[in-house]
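Chain letters run A, B, ... following the sequence lines, proteins first and then strands; every chain starts at 1.
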4 protein chains.
Amino acid sequence: MFSKFLNLDQEKQDRIINAAIKEFALKGYDNASTNEIVKEAGISKGLLFHYFGNKKQMFLFLFDHCCKIIADEFYIKINLQEKDLFNRIRGAILIKTELLNQYPNLFKFIEEAYLDESSEIKIEIEKKVKELNDINFGKIYDGIDFSKFRSDMDIKKVLKIITSTFEKLGEEEMNKVKLSPSHQIDYERIQVEIEEYFEILMKAFYK
Amino acid sequence: MFSKFLNLDQEKQDRIINAAIKEFALKGYDNASTNEIVKEAGISKGLLFHYFGNKKQMFLFLFDHCCKIIADEFYIKINLQEKDLFNRIRGAILIKTELLNQYPNLFKFIEEAYLDESSEIKIEIEKKVKELNDINFGKIYDGIDFSKFRSDMDIKKVLKIITSTFEKLGEEEMNKVKLSPSHQIDYERIQVEIEEYFEILMKAFYK
Amino acid sequence: MFSKFLNLDQEKQDRIINAAIKEFALKGYDNASTNEIVKEAGISKGLLFHYFGNKKQMFLFLFDHCCKIIADEFYIKINLQEKDLFNRIRGAILIKTELLNQYPNLFKFIEEAYLDESSEIKIEIEKKVKELNDINFGKIYDGIDFSKFRSDMDIKKVLKIITSTFEKLGEEEMNKVKLSPSHQIDYERIQVEIEEYFEILMKAFYK
Amino acid sequence: MFSKFLNLDQEKQDRIINAAIKEFALKGYDNASTNEIVKEAGISKGLLFHYFGNKKQMFLFLFDHCCKIIADEFYIKINLQEKDLFNRIRGAILIKTELLNQYPNLFKFIEEAYLDESSEIKIEIEKKVKELNDINFGKIYDGIDFSKFRSDMDIKKVLKIITSTFEKLGEEEMNKVKLSPSHQIDYERIQVEIEEYFEILMKAFYK
DNA sequence: TATGAATGAGTATTCATTCAT
DNA sequence: GATGAATGAATACTCATTCAT
């Protein structure tokens with residue numbers, strides 16, 4: 001499928017991938033210009049289409065590529081020895097924060113891709129995201145000691161409440177960053193806040 | 001700002017607003033065509049720009065307009081006599097569901113606007129949404145009897161957990177609808193599920 | 001349909017029509033460049049599409065336009081008082097030769113259009129040509145005195161032989177012109193040759 | 001000129017020729033893609049240009065090649081013992097019909113080539129066609145007994161009338177086939193019609 | 001001889017915006 | 001106020017041809 005592209009030397013591949021991710025992350029699918037991508041990557045018009053066929057295929061390739069990098073980096077670092085859910089989440093948040101600093105464009109690209117309204121790619125991306133979630137959902141709860149939880153509540157719904165809380169917090173922090181003039185993240189405040197939520201949730205849901 | 005437009009007779013205003021909302025809701029900001037809007041509204045090309053200056057200003061005007069309609073309709077219907085938070089939320093969900101059926105285009109437009117990646121409008125819309133949420137947040141908790149809650153937890157964080165849960169549930173249901181072939185909403189199942197979450201959250205956070 | 005275009009002042013219409021006919025006649029449908037047409041006509045890119053919608057519609061408009069001109073000019077000049085078939089054909093050939101000199105591009109355009117292999121327009125053009133022929137076939141034989149012909153032959157087939165002969169002669173002369181370096185037509189030689197064919201055909205098919 | 005190509009083993013030559021003829025016959029000169037040809041032929045892009053220099057030269061080579069095949073097959077089968085013109089034509093029509101079934105792509109290619117409007121090849125193809133006709137014209141009338149014809153008419157012009165008739169009939173049948181939904185040829189009806197024309201032409205031009 | 005990556009000018013069409021009327 | 005003709009840069013994508021390997 002993309003063997004032509006994957007046979008390129010790493011430096012050129014990276015140049016093209018980074019140029020494309022940047023453009024898509026900044027402008028969304030429809031507004032991203034293949035012209036800008038080739039200009040940024042320093043390759044000719046035709047070459048891009050020689051590698052990827054068309055814009056859509058290029059986009060979907062990039063999406064898969066980014067998912068793979070993040071998934072690999074993320075799930076490899078999760079400590080499966082940790083049996084306590086909140087410790088596990090504490091660790092996951094730490095890892096995610098590190099990755100977010102390491103690959104800011106990559107995360108932005110995936111986030112934008114997920115929200116992109118362009119009908120051309122919407123359905124495919126949603127399918128991919130669903131598959132991804134199904135796979136990953138399992139991993140993060142793998143080996144957790146659920147006996148610590150109150151037995152008078154549906155454990156699945158309790159987990160949903162906990163993850164909803166941290167996902168919403170994450171989204172809010174992302175928005176704060178975008179809207180703040182310095183685009184700086186106040187890690188210390190966030191850390192403290194998270195611990196406060198941990199405390200409440202443990203009081204609420206642990207035996 | 002838009003005084004020229006607002007001085008038009010109501011019928012013409014409505015024709016233009018409805019045409020524009022429909023186009024933006026269907027195609028998103030970038031793909032929406034001013035051509036289609038004027039055709040649908042039965043006015044001339046030049047007139048649209050005479051009223052709104054440009055596409056971006058027209059879009060932002062529409063966004064404000066829709067927010068106002070929905071906010072008005074939403075908050076007017078909330079029963080402020082209801083002091084119990086979960087009953088209040090139960091009522092709010094009901095009202096929102098009704099409005100969603102009543103103004104599908106309006107909601108769709110706002111949703112699309114919120115997700116729209118077009119760099120031209122993104123920042124402005126996000127700012128407006130934040131302001132809107134800040135205003136509304138207060139109203140929904142107005143007059144609630146917080147004495148029912150456990151006193152060993154920060155009440156603000158508990159509220160955040162509760163709202164996060166229902167917002168995430170709402171988002172998931174919206175996605176389910178989009179991905180389902182019939183685009184039908186299973187209100188009964190949702191109702192039951194919400195009640196189950198109410199039960200858990202009351203056990204967890206009420207005295 | 002093309003009312004926008006037809007409301008233009010005649011001079012501009014002509015400039016655009018002539019530029020387009022020239023380009024299509026020279027290069028065929030597929031190879032004709034809308035870029036070249038607007039450059040030659042001295043109008044902007046968008047305007048062409050404002051008038052005609054797309055390349056195909058422009059082409060079909062031009063085809064109809066050319067057919068109309070030729071048909072009008074051709075059939076209006078035929079002398080319907082002339083009852084003798086060969087005299088009638090003699091007259092028609094004269095008229096056609098004059099028109100060919102008057103509108104060389106027009107004729108070339110129609111001829112090319114008829115032969116154009118481009119799948120986009122082939123079917124439509126063929127349909128139009130068929131309709132045209134059906135209408136015109138009648139006119140040229142209108143009021144002819146067929147009692148002069150031998151009665152032991154199917155008159156329709158005899159007419160087919162006669163028209164085939166002159167059509168083929170016409171095609172051959174067209175080719176000769178194209179291939180000759182001077183692109184000059186030797187009218188006198190052709191005149192003489194035609195008369196010789198008349199003589200033979202009259203001997204063969206008249207009583 | 002094409003010695004590099006002609007030194008290839010027959011199998012590879014055929015693979016390339018067939019791929020190219022198919023592509024040109026299907027899409028015409030301009031729309032034919034060298035990419036498709038090399039893909040179908042299973043050779044590399046560069047090799048095609050190594051053999052033929054460029055698209056135009058390849059096309060002209062193919063045209064010559066096809067003409068040669070058809071001419072060889074056609075003229076070898078003509079019964080030169082048959083001295084009667086109409087019997088000879090009868091035979092020729094039969095042979096041509098057979099060849100048309102045997103080599104549909106080849107014929108289609110030549111036909112398309114002849115009609116192709118692409119200015120790049122038009123002039124060259126027309127010259128070749130003229131040469132071809134001059135050569136063949138002689139052969140088909142070789143050894144015919146012209147004493148059967150009326151002596152009060154120029155025999156060359158009579159022959160022109162006869163051939164024009166059948167050529168036009170052939171063109172019309174080709175068009176009918178193209179426009180008919182089934183693309184089926186009604187051989188029986190054609191046979192009958194041809195015989196009726198034979199009868200008329202014999203009455204008209206035989207002593 | 002054989003490969004296929006690389007080029008870049010070319011294509012039709014769209015679209016927000018302007019401006020003379 | 002109201003019109004809609006006019007603009008031209010922008011879009012994704014194609015394709016014959018070249019050339020380093």
Side-chain angles (χ1 to χ4, degrees), chain A residues 3-5 7-9 12 29-38 42-58 120, chain B residues 4-5 7-8 12 29-39 42-59 120, chain C residues 3-5 7-9 12 29-38 42-58 120, chain D residues 4-5 7-8 12 29-39 42-59 120:
Chain A
S3 54
K4 282 175 202 164
F5 178 71
N7 283 335
L8 253 47
D9 62 288
K12 195 166 185 177
Y29 179 75
D30 279 329
N31 264 42
S33 159
T34 53
N35 263 349
E36 292 299 315
I37 293 171
V38 300
I43 58 166
S44 76
K45 209 97 209 275
L47 202 48
L48 198 77
F49 292 92
H50 180 65
Y51 292 141
F52 299 108
N54 57 42
K55 194 183 180 180
K56 184 177 169 180
Q57 281 183 52
M58 174 173 47
E120 275 204 80
Chain B
K4 282 177 210 159
F5 177 73
N7 283 333
L8 253 45
K12 196 167 185 178
Y29 179 75
D30 282 317
N31 284 354
S33 158
T34 52
N35 250 338
E36 291 300 314
I37 292 170
V38 299
K39 217 185 289 169
I43 58 165
S44 76
K45 208 87 205 283
L47 208 47
L48 198 78
F49 289 89
H50 179 68
Y51 292 141
F52 298 107
N54 57 38
K55 195 183 180 183
K56 184 177 168 181
Q57 282 181 50
M58 173 175 46
F59 187 83
E120 277 204 81
Chain C
S3 54
K4 282 176 203 164
F5 178 72
N7 282 336
L8 254 44
D9 62 288
K12 195 166 186 179
Y29 179 74
D30 280 328
N31 265 40
S33 160
T34 53
N35 263 348
E36 292 299 315
I37 292 171
V38 299
I43 58 165
S44 76
K45 212 98 208 275
L47 203 48
L48 198 77
F49 291 91
H50 180 66
Y51 292 141
F52 298 109
N54 56 41
K55 194 183 181 181
K56 184 176 169 182
Q57 280 182 53
M58 174 174 48
E120 274 204 82
Chain D
K4 281 178 210 159
F5 177 72
N7 282 334
L8 253 47
K12 194 166 186 178
Y29 178 74
D30 282 318
N31 284 353
S33 157
T34 52
N35 250 340
E36 291 299 313
I37 293 171
V38 300
K39 216 186 288 171
I43 58 166
S44 77
K45 208 89 202 285
L47 207 48
L48 197 79
F49 288 89
H50 179 68
Y51 292 141
F52 297 109
N54 57 38
K55 195 183 181 182
K56 184 178 168 181
Q57 281 181 50
M58 175 175 46
F59 186 82
E120 277 203 79

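For the pair A:Ile43/A:His50, no side-chain contact is recorded, criterion being any heavy-atom separation below 4.5 Å from C-beta on.
Rounded to a whole Å, the CG atom of A:Asn31 is 13 Å from the C1' atom of F:dA12. Per the geometry, CG belonging to C:Asp9 stands 13 Å off P belonging to F:dA5, to the nearest Å. Here the P atom of nucleotide F:dA16 and the CZ atom of D:Phe59 are 13 Å apart, to the nearest Å. Separating the CZ atom of A:Phe49 from the P atom of F:dT14 is a distance of 7 Å, rounded to the nearest angstrom. In this structure, the CZ atom of C:Phe52 is 13 Å from the P atom of F:dA5, given to the nearest Å. Between the CD atom of A:Glu36 and the P atom of F:dT11 there is a distance of 7 Å, rounded to whole Å. As rounded to whole Å, 12 Å separates atom C1' of F:dG4 from atom CG of C:Leu8. Atom CG of B:Asn7 is separated from atom P of F:dG1 by 9 Å (rounded to the nearest Å).
Within the structure, every side-chain polar atom (N or O) of B:Tyr51 is placed at least 4.0 Å from both OP1 and OP2 of F:dG1. Between B:Thr34 and E:dA16 there is a side-chain N or O to OP1 or OP2 distance below 4.0 Å.
Shown here are the side-chain contact (heavy atoms from CB on, under 4.5 Å) partners of C:Asn7, two or more places apart in sequence or in another chain: there are none. Considering only residues two or more places apart in sequence or on other chains, A:Phe52 meets the side-chain contact (heavy atoms from CB on, under 4.5 Å) condition with A:Phe2, A:Phe5, A:Ile16, A:Leu48, A:Met58, A:Phe61. Qualifying salt bridge (charged side-chain N to carboxylate O under 4.0 Å, His left out) partners for C:Lys56, counting only residues two or more places apart in sequence or in other chains: C:Glu124. Considering only residues two or more places apart in sequence or on other chains, B:Ser33 meets the side-chain contact (heavy atoms from CB on, under 4.5 Å) condition with B:Glu23, B:Asn35, B:Glu36.
Here the shortest heavy-atom pairing between D:Tyr29 and D:Lys55 reads O-NZ, 2.9 Å. Of all heavy-atom pairs spanning C:Lys4 and C:Leu8, the tightest one is O-CD1, 3.6 Å.
For A:Lys55, taking side-chain heavy atoms from C-beta onward, the closest of the listed nucleotides F:dC13, E:dT14, E:dT17 is F:dC13.
Rounded to the nearest 0.5 angstrom, A:Asn31 CG and B:Asp30 CG are separated by 3.5 Å.
Of the two residues contacting DNA chain E, namely C:Asn54 and A:Lys4, the nearest-nucleotide position lying further toward the 5' end is that of A:Lys4.
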Problem set entry | Dot-bracket notation for DNA chain E, counting Watson-Crick and G-U pairs under 3.5 Å, with | for partners on another strand | .||||||||||||||||||||
Report all interatomic pairs (protein N or O, nucleotide N or O of nucleotides 7-10 of chain E) with separations under 3.5 Å.
unit_1: E:dT7; atom_1: OP2; unit_2: A:Ser44; atom_2: N; d: 3.0
unit_1: E:dT7; atom_1: OP2; unit_2: A:Ser44; atom_2: OG; d: 3.0
unit_1: E:dG8; atom_1: N7; unit_2: A:Gly46; atom_2: N; d: 3.4

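A donor-acceptor pair is defined here as one N or O able to donate and one able to accept, closer than 3.5 Å; no such pair exists between the side chain of B:Lys45 and the backbone of B:Thr34.
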